[in-house]
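We count ligands from 1, going down the list as the structure has it; atoms in each ligand are counted the same way. The structure presented is a predicted model; accordingly, all values stated were derived computationally and were not measured.
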Amino acid sequence: MVSLTTRTGEQDGTGAWRRAARMARTAVAWLGLLLAAGPALSEDGYELWLRYVPVAADHAAGYRARATELVVPAATPTAQATRDELQRGLGGLLGKPPPLAARAGREGAILVGTPASLPQLVALGLDLSGLGEEGYLLRSVRIDGRPATVVAANTDTGALYGAFRLLRLVQTAQPLDGLDIREAPRLKLRLLNHWDNLDRYVERGYAGESIWDWHKLPGWKDPRYTDYARANASIGINGTVLNNVNTSAQALTPLYLRKAAALAEVFRPYGIKVYLSARFSAPIEIGGLETADPLDPAVRQWWKDKAAEIYRIIPGFGGFLVKANSEGQPGPQDYGRSHADGANMLAEALAPHGGIVMWRAFVYSHEEPDDRHKQAYNEFVPHDGSFAPNVLVQVKNGAIDFQPREPFHPLFGAMPKTPLMMEFQITKEYLGFATHLAYLAPLYEETLRADTYAQGPGSTVARVIDGSLDGHVLTGMAGVANIGSDRNWSGSHFDQANWFAFGRLAWNPDLESAAIAGDWVRMTFSNDPAVVEPVVAMMMGAREAVVDYMTPLGLHHLMGRGHHYGPGPWVSGGPRADWTSVYYHRADAQGIGFDRSASGSNAVAQYVPPVAGRFGNVDTVPEEFLLWFHHVPWDHRMASGRTLWDELVLRYGRGVDYVRGMRRTWDGLSGKIDAERHAQVAAFLAIQEDEAQWWRDASIAYFQTFSKRPLPAGAEPPPHPLSYYQSLEFPYAPGDGK
Ligand code: GCW
């Protein structure tokens, strides 16, 4: 195309020019046909779920009749972004963008805006109450007797979200007739947390370097930042913490604030606020003070001045995320103060500007505890009620650390006077990095639906974090991002689904993971049921397979030391016992598992009695948490009738078999998915099969040294001796903390 255009420009004489222009048009038309054919052309994944490829030919006429003109005022940057997206999206989906109009005049017009921006909406008398600042209404209406589709909201941001919803309907082959959709987000803060360092290294990142090219900011604003904002807005994400929670104080210097401001400027039209991780000792490191004691007046003043400076440089700044007194990070306890003292000091500095503090509950006491599971609860529950109103406590989904499966964190339901924010991990630190296919929505969903019983049955984690259980208005969900400089953003095509699902669940924590997967597959690969059905089915079981081949039946924290790559159930020694595997599995000649019942660490007592009772009793605990809460004899009878040892071995194998099944399914889709993405997924699945097998074999070889029992009939013995698995080293495995 490029060379054709150049050549036509060189023609002299209008006849020749017209001929060449005709040729160019023909070429473009052919290209369009090729694109419409879909899978033939290769794709690199950059477009994510916003590919906007032509709709199926038999649907095109119907959609075109419902998109004859676009009435989208563009008086603000957000409204302009909305118009641009609709033109781009509908242009791609329908072959060409509908013409713009100032008023709806034709049958099939699409109107998008607010009562303030679009007088025609006012006449329709739509009820926009209850939609708040981010909700929208999507409705089929009649204007002057002619059918039209309206996307109406109270704000431009709401209209933008509605526009993305409209596009999603077309992308997923839904009808545009009889629409009556009312949506408002259930959570106020829907945030990505980037664990990105200023040198572009991403802690637990498996998708290349940080996408923030700090060195070239603020002068160069990579267009990719706009695409990042588009992708996030399309799923309702409204904030991003740019830097790692293990941060250097430099992120708060004017040099870096100006860089962050440039990003904030790109994101603002898309309804996305910028937040920063704040290092607690910054007053010492960049402020020249001798202390960071939160009760010291000079320290408090320093933070107030810093907040004022930040808001001068970054208008609309969101606030701070803080990791304090955890894994060596500084914090208020260094001065004998509490988490509440620390959080409230920062909250006081931000409050005049409307900023918030997200104070993480992922903490470590200096002393090794009898059970790490109990730390956060012990340190935070006593402070319930003493946090400032603009503080949220950000709690990981489980009490240990983003394992393939954890019971819900006992803090949920235990701090009714404090807004608790959910922290999920999107990057797959413990679920096979980028190469393992593991769709995480079922993990998120399982936690959100778990019942804390804090106020009787129905007190789900979702209701704790959406504020409805305890009457909080400040609510939120954070996801540790899996985004990097890789062309496909997430390191693998399927990991894009985890970013997508996180955003959708942050908007509405009651959504079902299968429905989210369905939308994602349709938008990312194809609307062909021969693709959608098998791929959704494969995704839905994938996380359970990871649980099976890595940590079945409630086992946890058994990975390689430091980098967390591959199996390491033998990891022991080192600086802290609670950073080893043996601390968690406690295998011995009698059995395996961590006794957290009343006869052990009694972590179960941190749950409300009905839950504590169920988890604390070996006969009632769900099998998936058996070894999380109990030390169980090798010959314990499982529900299946097998012994624990046999069941364990079988589960490891079942996980590997599932991956084999995914490979078969995927191979069967060749030709239905573009060659480039198909080939990479196929290669990654092959890696996953090898590594699943490795996890299974290494784990069985190791645990057999304790169980001293034969493998159940039909189970293959590990091909290598245990010493082989223990000897493997991976010095440059990605993502390790630095
Ligand atoms: O999951 C663990 C990671 C650390 C991380 C820490 C945290 C950012 O291994 O790399 O540090 O949790 O959440 O703070």
For [atom], grab the closest protein heavy atom and report residue, atom and distance to one decimal in Å.
{"atom": "atom 12 (O) of ligand 1", "result": "Lys396 NZ, 3.1 Å"}
{"atom": "atom 3 (C) of ligand 1", "result": "Glu429 OE2, 3.2 Å"}
{"atom": "atom 2 (C) of ligand 1", "result": "Asp401 OD2, 2.9 Å"}
{"atom": "atom 8 (C) of ligand 1", "result": "Asn246 ND2, 3.3 Å"}
{"atom": "atom 6 (C) of ligand 1", "result": "Glu327 OE1, 3.2 Å"}

Could you say whether the N/O atoms of [X] and ligand 1 ever approach to under 3.5 Å?
{"X": "Glu203", "result": "yes"}
{"X": "Trp195", "result": "no"}
{"X": "Arg204", "result": "yes"}

Are [X] and [Y] an aromatic pair by the rule of ring centers under 6.0 Å?
{"X": "Tyr275", "Y": "Phe320", "answer": "no"}
{"X": "Tyr228", "Y": "Trp212", "answer": "yes"}
{"X": "Trp489", "Y": "Phe500", "answer": "no"}
{"X": "Trp579", "Y": "Tyr584", "answer": "no"}

(request) Select one of side chain, backbone, both or neither to describe which atoms of Val480 lie under 4.0 Å from any atom of ligand 1, heavy atoms only. (result) neither
(request) For ligand 1, indicate whether the residue Trp579 contacts it via side chain, backbone, both or neither (heavy-atom separation under 4.0 Å). (result) neither
(request) Would you indicate whether Lys306, at its atom NZ, is surrounded by more than 12 heavy atoms from other residues, nucleotides or ligands within a distance under 6.0 Å? (result) yes
(message) Would Arg696 pass as a cation-pi partner of Tyr549, given that its NZ or CZ must be under 6.0 Å from the six-membered ring centre and within 45 degrees of the axis?
(response) no
(request) Have a look at Gln394, Lys323, Gln329, His563 and point out the one with the heavy atom closest to atom 14 (O) of ligand 1. (result) Lys323
(request) Go through ligand 1 atom by atom and flag the ones less than 4.0 Å from a non-hydrogen atom of Phe362. (result) 6 (C), 7 (C), 12 (O), 13 (O), 14 (O)
(message) What I want to find out is whether Lys428 reaches Asp495 closely enough, with some N-O distance under 4.0 Å, to be called a salt bridge.
(response) yes
(message) Whether the Asn243 and Asn197 side chains hold a donor-acceptor pair (N or O, under 3.5 Å, no angle test) is what I'd like checked.
(response) no
